[in-house]
Novice: 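After the structure tokens below, expect a handful of questions from me.
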Amino acid sequence: MIQDVVWDISIALMGSLAAVFAGVAAGAEVPLTNYGPAIASAYRLRIWLFALAIVVLVGVNYRALGALPYIANPAEQSGLAMKRADATGQQWSWTVQPNSFVVGQTVEFYVTSKDVNHGFGLYDPHMHLVAQTQAMPGFTNVLRYTFAQPGTYQVLCLEYCGLGHHIMNTQINVAAR
Amino acid sequence: MTSIEAIGSRSRISATAAVRAYLVVCGIVLLLMMLLGLTMRLAQAQWIDVEPNLFYVIMTMHGAGMVGIAGLGGAAVMWHFVRRYIPVSTGIFIANLVFFLIGAVLILGAGFIGGFAGAWTFLYPLPDHSGGLWSANGAAAYMAGLLVIGVGFLLLHLDIARGIISVYGGLGSGLGVKQAFGFAPEKDGPPPAVAASTMAAISNIIGIVVGAVVLVLSLVNLYVPSFTFNTLVAKNLIYYFGHTFINVTIYMAVIAVYEILPVYTHRAWKTNRAFYLAWVLSTLMVLTVYPHHLLMDFAMPTWILVAGQIISWLSGLPVLLVTAFGTLTNVYRSGLKWDAAAGLVFIGVAGWAIGVIPAIADGTIPVNSVMHNTQWVPGHFHTYLLLGMMAMMLGFMTYLAGPKSPSRLAPLGVWLYLIGGTIFVLAFLAAGSASVPRRYAVHLPAWLPYDRAGSIGASLVVAGALILIVRFLVSLRSPIDATP
Amino acid sequence: MTRGFAPLLGLVLCVGVGALAWATEGFRVITSEGARQVSIARHPIPIPNVRLIDQDGHTFSFGDYHGRTIFVDFIYTRCPKLCGELGDDFRQALSRSDAKNGHVAFLSISFDRADDREALQLYADRYAARAPRWRVAMPYDARGLSMLLQTFGVTVIPDGMGGFVHDGTIYAVDESGRVARILDPGARIAAVPP
Amino acid sequence: MTRGLVLVVWGILWLVRTPLESDMALHMTVQLPLLIGIGYMLATFLRPHEPRWFARADWFGIPGLLLVVFATSFWMLPRMLDLALSDPWIDLIKFASLPLLAGLPLGLSWSRMPGLGRAFLWANFIPKLAAIGGLYLAAPTRLCAYYRLDQQTTAGAALIAVAVALGLSWSAVLFIGSPPFWSKGGENAVERMRGAASGGP
């Protein structure tokens, strides 16, 4: 799960940064007689940190931009064989047609809304968010997803849409092959 | 300190009184809004019963109120320090507070009388689609409240801009553009407070007028529903305004760090070329980074979203490498004596820097696909707003209260705030990585442990904030000291 | 504040707000179309008894509809797009109202002086319009046409390509022969639940 | 002589009103601003004869500029654009009221408005102009009975272009400042600060 990886990395980085701040804070009350050289080496360290940050930045962005979820050319236009499902949000329910699929099938959800902004959040049978797109009046967003496991998936609303926001969900059945 | 002598001591007293008035409003509203936040967490934890209707009203008020006082608190910090370097009008500063209070009354009325629960972002066309639960007048009162508050802030930032231009000739010089690009010696650059204020003025003037446009359009739509406009354009305008306004609050509050920490460490804040370059770039990035709110709007042109991701990453660098690094080197074995004020501003920088990390993670498109609008989002923004921006503001408050006020409890307040805040944001982040959606009045049983941990953290934060704010309010009994 | 400031400010505010309120019918409309909608809902306008000729060549006038509600639209038969939508809408609304009540009639009036009876007939055939339930008609003479356009408040401007730009608005004429309601621009009768 | 020129332009504008009003963009971005401009020019001649009571009551130029806001908003309503086209008398009222109730008070009151107030007005005027343009661009139906949809779209684009041009030039002035950007630095900042502050904040 992406979420777990992101959690691990974030907590590690946040923890290290917190430790640096805590360390500096703990040692701050003891004055340093010779501040000049210390500050000079700190600025040298900053240059290295800057270089490291740029390397990480370029690397991660390069990777991430290779995995964009945006569909420039939906299957129907490009002539690919792919299952189409229409998903429409309306205060406060989802209509997904069709809503049963089989494992391994790649589905393109044509997501739109009849009234206000909604969020089409696809949850797997273990209630992990696996994909999402916004459902907007006047626009149709195409979300492509390949079902990996059998069971009952759920669609939750992921954009606040009024007082029934939390009850706005529907089920999608995915059968084993 | 020559600049201070230029201003008469009488105007200093009234100016200090005005800053105190700002902080009194901020302190009281902050406590109330924190209680609303705690109520939401307790309701999600199923420790108390709150009707979803009321929950969403509370959510809307919590959002609008917190954004409002973040802007107000940031303005108080900025104005207090920047007036050492530029001429500013106390009348306009006070007028902004008056506008704010009028707007706040309208907004509170819209929520608790009109039942408006369209979230603080009033995402078009939701205000006009209440499902019968709030009236057009309720929504209009909310938006009119925001407009009134916007008028005040616009005037304030225009006045700051006027002051900067009158001393430095132009906003470019106020920002240190020449120093940033090596056209002028570093030592002639503007002080940090001026550079930060210039950035805040530029960003907020643009952000607020964009917000005013979308507010007016939404109001027209509310009363003439046949007058519709493009929902995606509206979304862009709203997030442009919302992002800029809330982001800039941190850049205003950080002036407290630049001005207060050196008093403790006896080391001047170094303004070198990297510092000015960081502020120039931050200005550009604050004005262009908002598309990271729209990464799940597939209808957006892809290049804008890609730019949004890259700018999100880049915008973390000045924060981490200049302000956080500058703070660490300034404090490092300086021999300072920690007290509540120094501790809070230091925590503020740490919270800001640390909060940047989960924010950048969420600004990465494949991560955003599975994290957007989960509790990861309140998780990261509470890190840099609660533990960052608000900590700086509370630090400023504590600093103004001075050492004379009762201070035995102050360290306890700081520790409660820090520990409670950490538990609170970690509960959000953990829930977010477990796919718990944000802005849900009712949670599944599986999500309750996060909510309960979050509630405990939130209670501690409220207790800590209560101590610090009451301490500040008590300190007001002593007369204003004309000598700083 | 100086002397005279408050009265002057008050005067400007009163005059300004008053003028804007007048121009927007009390802050409800900003277009002339909207203003007309409001004013007609308040004061229905009697229609002059103009003589028209329908797709079958029969002469009739608005007086003949006494006691019935008529939905009226203004078209021209060469119209490439909008009049087609109007035609479809009338056809659907007619097929739905057939079973329910016989006292609703439909009337499409051509404002194009180039249209003749054959053109009306063709348009009527395209949408299965049968007189007298749905007449496709044109006023007898230019004077009658301009009277009708003025009464209904229809603005027709040449589109520069030999056709016309018009609103495609639908008007409801009440039982006593008055323009009683203007539907929202773009609104269709068939879209309203019966 | 200049005075006469203004009156001549006024007259010519009346004579060419039909071609200028035949297009929505020309109507909104040429005719209306020129009419306001005529009034603004009149103000430069009439300032010495300005009634004392008005000069006194027009505190910081607030009532005068409020009048400008009302008069311009009024004539920019799609309904009033329509009425001006359909009824020559209404058009005549427009030709009189835009110079006299918008341009003239603008010329008289603008100089009384403090810098901050002017900045506030600019900051509100520019984005609202763009917003109106945006509405015209996006509106699916015609707002004026006398203009085609494509004219409305052009007018929207023209308004946005004007707003962008104004916005860019205003930002450039603010950012670079009126003293030459590259010659004057922050070296005298404290001295200038003293000078500015002694004026009293």
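Per chain, numbering begins at 1; letters A, B, ... match sequence-line order.
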Novice: State, to 0.1 Å, how close B:Q309 and A:L65 come at their nearest heavy-atom pair, and which atoms those are.
Specialist: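 Nearest heavy atoms, B:Q309 then A:L65: OE1-CD2, 3.5 Å.
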Novice: Rounded at 0.5 Å granularity, tell me how far OG in B:S312 sits from CG in A:L57.
Specialist: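 So the gap between those two atoms works out to 10.5 Å.
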Novice: Can any side-chain N or O of A:Y123 pair as donor or acceptor with the backbone N or O of B:S435 at less than 3.5 Å?
Specialist: yes
Novice: Find the distance between CD1 (B:I357) and CD1 (A:I9) and round it off to the nearest 0.5 Å.
Specialist: 11.0 Å
Novice: Would you call the rings of A:Y43 and B:F325 parallel, tilted or perpendicular, taking 30° and 60° as the class edges?
Specialist: tilted
Novice: Side chain, backbone, both or neither: which part of B:R438 has a heavy atom under 4.5 Å from chain A?
Specialist: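 The answer is the backbone of B:R438.
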Novice: Among the options B:G343, B:A361, B:A342, B:A119, pick out the one with the most heavy-atom pairs lying under 4.5 Å from chain A.
Specialist: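 Result: the option with the highest number of such pairs is B:A119.
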Novice: Over all heavy atoms of both residues, which pair between A:R46 and B:V322 is shortest? Give the atoms and the distance, please.
Specialist: NH1-CA, 3.9 Å
Novice: Of the non-hydrogen atoms in A:V116 and B:L126, which two are nearest, and what is the gap between them?
Specialist: CG1-CA, 3.7 Å
Novice: Just give me the residue among A:I39, A:V142, A:V24, A:L68 that pairs up with chain B most often, heavy atom to heavy atom, under 4.5 Å.
Specialist: A:V24
Novice: Heavy-atom cut-off 4.5 Å, strictly under: side chain, backbone, both or neither for B:S130 against chain A?
Specialist: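 It is the backbone, since no side chain atom gets that close.
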Novice: Looking at every heavy atom in both B:Y332 and A:Y35, which two are closest together, and how far apart are they?
Specialist: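 Minimum heavy-atom separation between B:Y332 and A:Y35: O-CE1, 4.4 Å.
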Novice: Between B:L305 and chain A, with a heavy-atom cut-off of 4.5 Å, which part of the residue counts as in contact: side chain, backbone, both or neither?
Specialist: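 B:L305 touches chain A through side-chain heavy atoms alone.
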Novice: Of the listed residues (B:L321, B:T329, B:I310, B:D128), which shares the most heavy-atom pairs with chain A below a 4.5 Å separation?
Specialist: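 Max contact count across the listed options: B:L321.
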Novice: Between B:M300 and chain A, with a heavy-atom cut-off of 4.5 Å, which part of the residue counts as in contact: side chain, backbone, both or neither?
Specialist: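 No part of it gets close to chain A.
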Novice: Counting only non-hydrogen atoms closer than 4.5 Å, does B:V356 touch chain A with its backbone (N, CA, C, O), its side chain (CB onward), both, or neither?
Specialist: neither
Novice: Heavy-atom pairs under 4.5 Å with chain A: which of B:L294, B:T422, B:V349, B:T327 has the most?
Specialist: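 Answer, by heavy-atom pair count under 4.5 Å with chain A: B:V349.
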Novice: Any side-chain heavy atom of B:T121 sitting closer than 4.5 Å to one from A:Y160?
Specialist: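 No. Closest side-chain heavy atoms not under 4.5 Å.
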Novice: Check this for me: A:R84, atom CZ, are more than 12 non-hydrogen atoms of other residues, nucleotides or ligands nearer than 6.0 Å?
Specialist: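 Yes.
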Novice: If I measure from the heavy atoms of chain A, does B:N368 come under 4.5 Å with its side chain, its backbone, both, or neither?
Specialist: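 Just the backbone, heavy atoms under 4.5 Å.
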Novice: With a 4.5 angstrom heavy-atom cut-off, is it the side chain or the backbone of A:A18 that approaches chain B, or both, or neither?
Specialist: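 Interface part for A:A18: both.
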Novice: Looking at A:Q149, I want to see if its CD is surrounded by more than 12 non-hydrogen atoms of other residues, nucleotides or ligands under 6.0 Å.
Specialist: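 Check passes, neighbour count above 12.
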Novice: Enter the distance from A:F120:CZ to B:F298:CZ here, rounded to the nearest 0.5 Å.
Specialist: 10.5 Å
Novice: Looking at chain B, which one of A:L32, A:N61, A:L158, A:L45 has the largest number of heavy-atom pairs inside 4.5 Å, strictly under?
Specialist: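 Among A:L32, A:N61, A:L158, A:L45, the one with the most close pairs to chain B is A:N61.
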Novice: Between B:K270, B:H129, B:K337, B:H443, which has the largest tally of heavy atom pairs under 4.5 Å with chain A?
Specialist: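 Winner by heavy-atom pair count: B:H129.
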Novice: Could you tell me which of B:V57, B:L429, B:T265, B:T364 has the largest number of non-hydrogen atom pairs under 4.5 Å with chain A?
Specialist: B:L429
Novice: Is the closest side-chain heavy-atom distance between A:I11 and B:L426 below 4.5 Å?
Specialist: yes
Novice: Give me the atom names and distance for the closest heavy-atom approach of A:I2 to B:P366.
Specialist: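 Taking every non-hydrogen atom into account, CD1-O, 3.9 Å.
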Novice: What option among A:A26, A:P137, A:G119, A:A53 has the most heavy-atom pairs under 4.5 Å with chain B?
Specialist: A:P137
Novice: Heavy atoms, side chains only, cut-off 4.5 Å: are A:M127 and B:W447 in contact?
Specialist: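 In short, these two side chains touch, coming nearer than 4.5 Å.
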Novice: Please rank A:I54, A:D4, A:V5, A:V60 by heavy-atom pairs under 4.5 Å with chain B and give me the top one.
Specialist: A:V60
Novice: Using a cut-off of under 4.5 Å for heavy-atom pairs, which of A:G23, A:G138, A:A38, A:P69 has the most such pairs with chain B?
Specialist: A:P69
Novice: Starting at CD1 of B:I354, measure out to OG of A:S16 and round the result to the nearest 0.5 Å.
Specialist: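 Those atoms lie 9.5 Å apart.
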Novice: Measure across B:M371 and A:V6 and return the closest heavy-atom pair with its distance rounded to 0.1 Å.
Specialist: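 Scanning both residues completely, I find the closest heavy atoms to be CE-CG1, 3.7 Å.
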Novice: At a heavy-atom separation under 4.5 Å, does B:N330 approach chain A through its side chain, its backbone, both, or neither?
Specialist: backbone
Novice: Using only atom types and a distance under 3.5 Å, with no angle test, would you say the side chain of A:E159 pairs donor to acceptor with the backbone of B:N373?
Specialist: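 A pair under 3.5 Å: no.
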Novice: Under the 3.5 angstrom rule, does the side chain of B:W338 hit a backbone N or O of A:A25 as a donor-acceptor pair?
Specialist: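 Yes: the side chain of B:W338 pairs with the backbone of A:A25.
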Novice: Is the shortest heavy-atom distance from the side chain of B:P125 to the side chain of A:D115 under 4.5 Å?
Specialist: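 No; the side chains remain at least 4.5 Å from each other.
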Novice: Given the options B:A446, B:G316, B:A430, B:G131, which has more heavy-atom pairs under 4.5 Å with chain A than any of the others?
Specialist: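 The answer is B:A430.
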Novice: Do you know which of A:L122, A:L49, A:L17 has the most heavy-atom pairs with chain B at a distance under 4.5 angstrom?
Specialist: A:L17
Novice: Given 3.5 Å as the limit, does a donor-acceptor pair link the side chain of A:Q132 with the main chain of B:H372, or not?
Specialist: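 Pair found, side chain donor or acceptor close to backbone of B:H372.
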Novice: Counting only heavy atoms from other residues, nucleotides and ligands, does the tally under 6.0 Å from CZ of A:F50 exceed 12?
Specialist: no
Novice: Got a donor-acceptor contact below 3.5 angstrom from the B:Y124 side chain to the A:N117 backbone?
Specialist: no
Novice: Does the ring center of B:Y56 lie less than 6.0 Å from the ring center of A:H166?
Specialist: yes
Novice: What I'd like to find out is whether the side chain of A:F139 reaches to under 4.5 Å of the side chain of B:D297, using heavy atoms alone.
Specialist: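 The answer is no, as the side chains (C-beta and beyond) never meet within the 4.5 Å cut-off.
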Novice: Using a cut-off of 6.0 Å, state whether more than 12 heavy atoms not belonging to B:W415 lie near its atom CH2.
Specialist: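 Check fails, neighbour count at 12 or below.
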Novice: Can you tell me which portion of A:V130 sits under 4.5 Å from chain B's heavy atoms? Options are side chain, backbone, both or neither.
Specialist: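 Answer is backbone: N, CA, C or O of A:V130 sit under 4.5 Å from chain B.
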Novice: Is any side-chain heavy atom of B:M296 closer than 4.5 Å to a side-chain heavy atom of A:L143?
Specialist: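 SC-SC contact between B:M296 and A:L143 ruled out.
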Novice: Considering only heavy atoms, which portion of B:L328 lies under 4.5 Å from any heavy atom of chain A: side chain, backbone, both, or neither?
Specialist: both
Novice: How long is the straight-line distance from CD of A:Q91 back to CG of B:L133, given to the nearest 0.5 Å?
Specialist: 9.5 Å
Novice: Which atoms of B:L232 are under 4.5 Å from chain A, going by heavy atoms: the side chain, the backbone, both sets, or neither?
Specialist: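 Contact with chain A is through both the backbone and side chain of B:L232.
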